[in-house]
Amino acid sequence: METVERGHGRLETRRYRTLGDLSGVPRSKLWEGMNMIGMVESRREIDGQVSIDTRYFIGSIGTSANRFAHAVRGHWGIENGLHWNLDISFREDECRVRQPVARENLAVLRHLALSRLKNDDTKVGLKNKRLKAACNEDYLAKLLFEWPENKEETRESGNSNISKA
């Protein structure tokens, strides 16, 4: 399968290929549920400069190239959205903490805060929600301790350790 996208001054062509016969792949049985290996070849042209990037994936989604392409693009959309929010709302890239354990702890706290802020139904942006939580202890308590109002948009895991009061 191949996709072509134009925008932001660039032309990007992606070719998606999948392999489902894993009988020749050493130790493939060690990956429980793995039933495909996928490859994406991306060709980007920006102002006459061409770059080609090849990425490989393993998965358990079958060998449909369309499904594989959707999964790859969806993953990067989520990943990019998360990092954009962390950088813009929390200025994560400007953090100067260098100790590995402290960096990990702060990352966990930022992810937790971002999740709670996104699940809040207040009709303001993330930065304003943070400011409101800093200035209003009742709002902060709501964010930290109350169950989100719109339960359909929150994705509960089967092993949730947060119980509804």
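In this structure, a donor-acceptor pair under 3.5 Å is absent between the side chains of N66 and Y16.
The line from NE2 of H70 to OG of S64 is 11.0 Å long, rounded to the nearest 0.5 Å. To the nearest 0.5 Å, atom CG of residue L106 and atom NE2 of residue H111 are 12.0 Å apart. Within the model, atoms CG of D138 and CD of E146 stand 9.5 Å from one another, a figure rounded to the nearest 0.5 Å. To the nearest 0.5 Å, atom CD1 of residue I52 and atom OG of residue S42 are 10.0 Å apart. One distance of note links CG of L19 with CG of D21; it measures 6.5 Å at 0.5 Å rounding. Remark: R103 CZ to Q99 CD distance equals 9.5 Å, nearest 0.5 Å.
For the pair R73/T3, no side-chain contact is recorded, criterion being any heavy-atom separation below 4.5 Å from C-beta on. Using a 4.5 Å heavy-atom threshold, the side chains of T18 and I37 count as separate. Looking only at side-chain heavy atoms (C-beta outward), R130 and F90 come within less than 4.5 Å of each other. No side-chain heavy atom of K132 sits less than 4.5 Å from a side-chain heavy atom of V124. Between Y139 and D120, the closest side-chain pair of non-hydrogen atoms falls below 4.5 Å. In this structure, T122 and K142 have side chains that are in contact, with non-hydrogen atoms separated by less than 4.5 Å.
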Legend entry - Audit row: V40, F68, side-chain contact (heavy atoms from CB on, under 4.5 Å) steps and yes/no: CA-CA 9 Å; V40 180; F68 172 60; 3.8 Å; yes
Inset, instruction - Verify side-chain contact (heavy atoms from CB on, under 4.5 Å) between M39 and R55, making sure each step is shown before the conclusion. - result: CA-CA 6 Å; M39 180 186 85; R55 299 181 312 273; over 6 Å; no
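For the side-chain contact (heavy atoms from CB on, under 4.5 Å) with S115, the lone residue among L112, L117, N119 that qualifies is N119.
Hydrophobic clustering (ILVMFWY, side-chain heavy atoms < 4.5 Å, transitive): I58 and L22 are in one cluster. By the rule that hydrophobic residues join a cluster once side-chain heavy atoms approach within less than 4.5 Å of another member, M1 and V4 end up as members of separate clusters.
Within 6.0 Å of the CZ atom in R10, the count of heavy atoms belonging to other residues, nucleotides or ligands exceeds 12. A 6.0 Å sphere centred on CZ of R6 holds no more than 12 heavy atoms belonging to other residues, nucleotides or ligands.
Nearest heavy atoms, T63 versus N35: CG2-O, 4.2 Å. Scanning both residues, G33 and S60, for their nearest heavy atoms gives O-CB, 3.0 Å. Shown here for S28 and M34, the closest heavy-atom pair between the two residues is CB-CE, 3.6 Å.
Each salt bridge (charged side-chain N to carboxylate O under 4.0 Å, His left out) pair with one or both residues in residues 36-49, not counting sequence neighbours, appears once here: E12-R44, R15-E41, R43-E45.
A donor-acceptor pair is defined here as one N or O able to donate and one able to accept, closer than 3.5 Å; such a pair exists between the side chain of R116 and the backbone of L143.
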